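Input: a single structure, listed below in structure tokens.
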Amino acid sequence: MFKKILIANRGEIAVRIARACREMGIVPVAVFSDADRASLHVRMAGQAYPIGAAPSRESYLRIDKLMDVARRAGCDALHPGYGFLAENPDLARACAENGIAFIGPSPDAMERLGSKTAARQLAARAGVPMVPGVADPIEKLQDAERIAQGLGYPVLLKAVAGGGGKGMRLVAAAQQMPAAWRDAVSEALNAFGDGRVYLERYLDRPRHIEIQILGDRHGHIVYLGERECSVQRRHQKVIEESPSPVMKPELRRAMGEAAVQLAREAGYTNAGTVEFLVDDARNFYFLEVNTRLQVEHPVTEMVTGLDLVKLQIRVAAGKALPFAQGDVVLSGHAIECRLYAEDPANNFFPSPGTILSRRVPGGPGIRLDEGVYEGFTVSTEYDPLLGKLIAWGSTRDEAITRLERAVAEYSITGIKTNAALFLEILRDPQFIRGEIYTRWLDERLPLLLANGKKTGASDVSAEDAAILTALFHQLGLNRAAHANGAHRESESRWKREARLEQVDRG
Amino acid sequence: MFKKILIANRGEIAVRIARACREMGIVPVAVFSDADRASLHVRMAGQAYPIGAAPSRESYLRIDKLMDVARRAGCDALHPGYGFLAENPDLARACAENGIAFIGPSPDAMERLGSKTAARQLAARAGVPMVPGVADPIEKLQDAERIAQGLGYPVLLKAVAGGGGKGMRLVAAAQQMPAAWRDAVSEALNAFGDGRVYLERYLDRPRHIEIQILGDRHGHIVYLGERECSVQRRHQKVIEESPSPVMKPELRRAMGEAAVQLAREAGYTNAGTVEFLVDDARNFYFLEVNTRLQVEHPVTEMVTGLDLVKLQIRVAAGKALPFAQGDVVLSGHAIECRLYAEDPANNFFPSPGTILSRRVPGGPGIRLDEGVYEGFTVSTEYDPLLGKLIAWGSTRDEAITRLERAVAEYSITGIKTNAALFLEILRDPQFIRGEIYTRWLDERLPLLLANGKKTGASDVSAEDAAILTALFHQLGLNRAAHANGAHRESESRWKREARLEQVDRG
Amino acid sequence: MTYEILINGTKRSVAWDSASMAASIDGRKIHADVAATSSGAYSVLLDGRVFEVTVEKDGDGWLLRTEGREFHVRIADPRSLRRGRDGSVEMEGRQQIIAPMPGKIVRLLAAPGQKVELGQGLLVIEAMKMQNEIRSPKSGTVERVAREGQTVTAGEILAVVV
Amino acid sequence: MTYEILINGTKRSVAWDSASMAASIDGRKIHADVAATSSGAYSVLLDGRVFEVTVEKDGDGWLLRTEGREFHVRIADPRSLRRGRDGSVEMEGRQQIIAPMPGKIVRLLAAPGQKVELGQGLLVIEAMKMQNEIRSPKSGTVERVAREGQTVTAGEILAVVV
């Protein structure tokens, strides 16, 4: 087994990987940019080394610096996490050249599946059903307009190098194409350094359901159930769950076997995800492959009882999978919500800043994967994901009520977060009935945001509580200021305050 | 289903019950003593009412005040938690008289099983094997000496009303009996207001293994696997796990069926625990019944996937158990450690005080059930249990390494805790091999405490880190004091400090 | 003592006798027990009902959060009230659009002097790797707008619509 | 600047050039990067190795915790060192037993003048509902012991063994 693993990432996923290393007796080695010296992933590591300035192009995207640290620290393996260089075959190749095991697929398999157009070609050969469209990059706007006309609007423009909705645009009608083309190309160029886009027909109310696969180097590939990721805002996943509320055993087997077949065609090893769209009639269409660990992997871990990161490490070390497809048992239901430093009331603008105080949930069935702490400053340099809150329940209903309970326990000051929005989603009757599709949240959002502001009987009390707390807080500060700059510890009780005040008066 | 549940308890168990209520849409109603206004169980409740002065005899042990609050707040049920009045039939009777459902067994069943001597008589009738001894209370020292002589030393003096090791004394030889008798009687009187004690033969290296049972009012009683609680300090459980490392399916069935048989004889409903001693040859001996939820119930929850508190509430509301014995599946392994505000280096003296800062673990397979928060003051009034840290793993080894990883992540300042001791236990080869028995920790403790102080190569670095941090901290404070009382936020970097210092010099 | 409190734009008259935990808001009587827990966090009991409330600085007032709701609260100084100085006139008509965080203007969608509708795009800002379209909060005329390519800091004016 | 530091009773000579993150402890060179995280908590990198260290007040020095170990540290003021005032003589032989928290003496097990062995019980104290036997930290003679029934506060002397 490996002795030291370089974690070529930051934030919650770097923390997640460090935890797996610790449990395996492997030293986790962190890298950090100038903005991240005090970040949680550094604090949780066994060793940590600086790799450059805050912008990721000068640090987390620098293969040369990563190789440098790996050599210096004596790392025998590298885990790329997700994002940054995770799907860049050059990193995998650099690892191979430096004798470091890359914890992920081979560079060749990554290339065969990582590009959407290449993956579609492979899927076509493997007989996996696909959404009608054009797998090749489109040269210019005029071609896009012509192809879209042929497929019929609405169509979806997607970045060849894309992921996470970046460089993706829905085009409802022909007159929207020029603006959408411009935006998609520029966003793709900005995000991936590759402005190529392609087109496909837009399904009406499809679900996003993806299959987790895992393969070793001895020819075994298994699927570990599915994740339903239909709750998205602007093509970004917001809530994920496993199993899907519409899944049936035969559909799971069909999708799982299609995913494994595709992986086999590509010579794929390690963890990966095959994404599908599923329509009302439970037809499934291949979307793309993510050749890495997903943000939402914990829901799969909670229903299978497997530790995907540890398994990734084991198969990268050449071990055989310790179980067969028939041993995989899905138990209960898990739901995850992604906590972001952003302000839902202000068009979801990122909300960087220092976390002043924080209360995190606990108790039965709750898992929190975070990259932050009280006192930590969320910077503007990176993705504003604070962490993921995941609930497990014996049924979907129990998982939903647990997650709702846990979100209500979660509190943070100093920055704004999207936590309160999850309360609205988790209480929404359509969500509770599982009637979700990829545009569901975008369409439902105005109603959900309005619900969050609605005034009811209980809100009068909430307002009263706010008024009296503000007064108590202000008077406490006034008194502290009065006491000539001396630092007063917070008083424990209104009553005690009152006594002090009477003394002041007396 | 109930609308409002009065939680007649405090600390982590009151928080645990409040969470279950929230998930069921039931309003949790807290009570608090003068010492507990700002306690977490109050903050987590839907409603909260004061019930008197800090000493529990004036608050948490006052049945009249509890009934008062229940009526005032309109509660239709009461959950007693563990400790305090949980095993007091008078509370259950007062609930019945006030038309409030008591979430626990009937007062009669409680009396039949709650007294150790009564339970032993019942166990004898039910044919459950027992440790040789005398089930009846012993009148005076001379009788104890005579009976002990008959059984043969070592013997165990135990409080009739006892629990948690209070009023329990091991007597190795005849000359120790007078002191042990005095201590046991006085401690029992102090703790339970009942100084009666009895005697039994002391087994050499027994394991403490207990069976979780759960019964509804429709005649169904099931057992939910076992918990091994052999790691004890002075008869107080410190680490609990499920399954037991020595358990075999046939032994589990035999013990489970014995427990269910005993419960059936007593007309028992709701959750309960039947404790056994198990010797080297896997013979089991009935010890006692706890007619309530146990501190260590989470390990059972994690391997069964059941929520015991929700099930308690459901069966108390008259619902039938939603599963049969054959549906109970144990999956993986769970281990819990009890975090106490106490100082292992100073004879485990309680360490009350205000929690200044706190870092809690997270990530896969970790559950934290706590009753404290940053800024909370641990008082001297109550049991110094801060909370419980529980890890689940697919195997016992994985659960151990997870728990070890999580304990290492746990950090608290302002008070002392026993957290570091768990690192030593979880790394101990005997513990890892499962070679534990009820006196194991007491015998192993000197070695474990010495291990925690051992100086190795890595400890030189730890000492260096301590030296440089102390210097950095002191210099930062000096500089802040220099800045004429202005409050400085913590600096983010030594380098920045350095720059400031150079400016100061320049 | 009675305080005038502005909460989400509404004025409330609040009296309290802290010794007896008796409060009154616009004449409604409430038994109120407020206890500080952590820094900026309070446990509040109103007639026995539990609230968890956090407080943060918010301009010259406070941002309070409880039960997933946000409240902007400003407490008028009773003395300045007596001097009749409490009213801060709300801006009407002229709308400034402020950058909520640092970013870069990557495209302009409207020019000064141009008529715009409510919700019409004014410019596209890139911040934290995400492009976001900034839309007009009202129908009117663009008075001012930032430069394309300009780097803005939090609080900087992006556009003014009159 | 060089500082004299007492750690768990041992004296160390520590130098550091903070600008270059170069430290030296008793002549050993270390690359040391210390960053404050939360209040009283630091992230420390020593030649790339990561430590989480917490600091608390501990008499006239500091209690530091890292990797499950505790360190008591006192930093000598360089000026007072020069004035030769740094040495605090360690007590040898005479052992005071201090109450670590408030409690009540429920039983005496030894009387003044009595010879006791290492580990022999001196008294039983009840605190937080638990009875605990206090044992002698050395073989010697009991010089002083608290009264039975006495209520003691934290820091109070329970017994002295010489």
Side-chain angles (χ1 to χ4, degrees), chain A residues 166 182-183 186-187 190-191 343 345-352 356-357 359 379-384 407-409 411-414 416 419-421 423-424 452-453 458-476 490-495 497-499 501-502, chain C residues 3 5 7-8 10 12 14 16-21 23 25 28 30 32-42 44 46-47 49 51-56 61-71 73-75 100-103 106-107 124 126-135 154:
Chain A
K166 275 165 196 158
R182 196 180 51 216
D183 286 3
S186 109
E187 204 171 282
N190 243 297
D343 184 4
N346 189 16
N347 204 25
F348 293 89
F349 249 92
S351 173
L356 299 178
S357 72
R359 196 180 85 159
S379 95
T380 56
E381 285 294 340
Y382 312 107
D383 187 71
V407 171
E409 287 179 22
S411 154
I412 199 159
T413 65
K416 304 204 181 232
L421 176 62
L423 292 180
E424 301 302 328
K453 286 181 179 162
S458 101
D459 291 293
V460 174
S461 299
E463 191 187 291
D464 292 349
I467 288 170
L468 294 166
T469 305
L471 193 57
F472 185 76
H473 185 72
Q474 172 90 61
L475 294 175
S490 56
E491 300 289 338
S492 76
R493 204 111 136 70
W494 186 297
K495 230 173 188 165
E497 286 281 336
R499 257 181 250 124
E501 204 170 51
Q502 287 170 328
Chain C
Y3 300 85
I5 289 185
I7 180 158
N8 287 354
T10 305
R12 304 268 183 221
V14 184
W16 62 294
D17 173 20
S18 50
S20 64
M21 298 191 196
I25 297 177
R28 275 181 302 116
I30 301 159
D33 180 356
V34 182
T37 53
S38 309
S39 160
Y42 295 86
V44 180
L46 299 187
D47 296 324
R49 214 182 128 197
F51 295 87
E52 281 279 299
V53 189
T54 62
V55 190
E56 292 169 76
W62 303 103
L63 167 65
L64 288 101
R65 277 191 273 222
T66 188
E67 311 216 320
R69 300 276 315 277
E70 292 192 353
F71 299 95
V73 178
R74 203 159 59 76
I75 300 160
M101 57 161 308
V106 292
R107 198 160 60 255
V124 179
E126 181 168 313
M128 277 168 111
K129 318 285 161 213
M130 294 281 295
Q131 295 196 5
N132 287 278
E133 190 174 286
I134 302 295
R135 294 181 181 143

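Each chain gets a letter, A, B and so on, in the order its sequence line appears, and its residues count up from 1. From a predicted model like this one, the values you see are computed outputs, not experimental measurements.
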For the atom pair CD (C:Glu56) and CZ (C:Arg65), what is the distance rounded to the nearest 0.5 Å? 4.5 Å
Atom pair CD1/CZ of A:Ile412 and A:Arg359 - distance to nearest 0.5 Å: 12.5 Å
Between C:Ile5, C:Thr10, C:Ile7, C:Val124, the one whose heavy-atom pairs under 4.5 Å with chain A are most numerous: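 When all of C:Ile5, C:Thr10, C:Ile7, C:Val124 are compared, C:Ile7 has the most.
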What part of A:Asn190 lies closer than 4.5 angstrom to a heavy atom of chain C: side chain, backbone, both or neither?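 Contact with chain C involves the side chain of A:Asn190 alone.
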Relative to chain C, which segment of A:Ala408 carries a heavy atom at a distance below 4.5 Å: side chain, backbone, both, or neither? neither
Greatest number of non-hydrogen atom pairs under 4.5 angstrom with chain C, of A:Val407, A:Ile467, A:Leu421, falls to A:Ile467
If we define contacts as heavy-atom pairs under 4.5 Å, which of A:Ser357, A:Ala419, A:Gly414 has the most with chain C?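 Top option by heavy-atom pairs under 4.5 Å: A:Gly414.
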Residues A:Glu463, C:Arg28: salt bridge by 4.0 Å N-O rule: no
In chain order, what residues pass the salt bridge (Lys or Arg N to Asp or Glu O under 4.0 Å) check against C:Arg107, with sequence neighbours excluded? A:Asp183
When you look at A:Leu468 and C:Leu46, which way does the side-chain contact (heavy atoms from CB on, under 4.5 Å) test go after all the steps? CA-CA 10 Å; A:Leu468 294 166; C:Leu46 299 187; 3.8 Å; yes
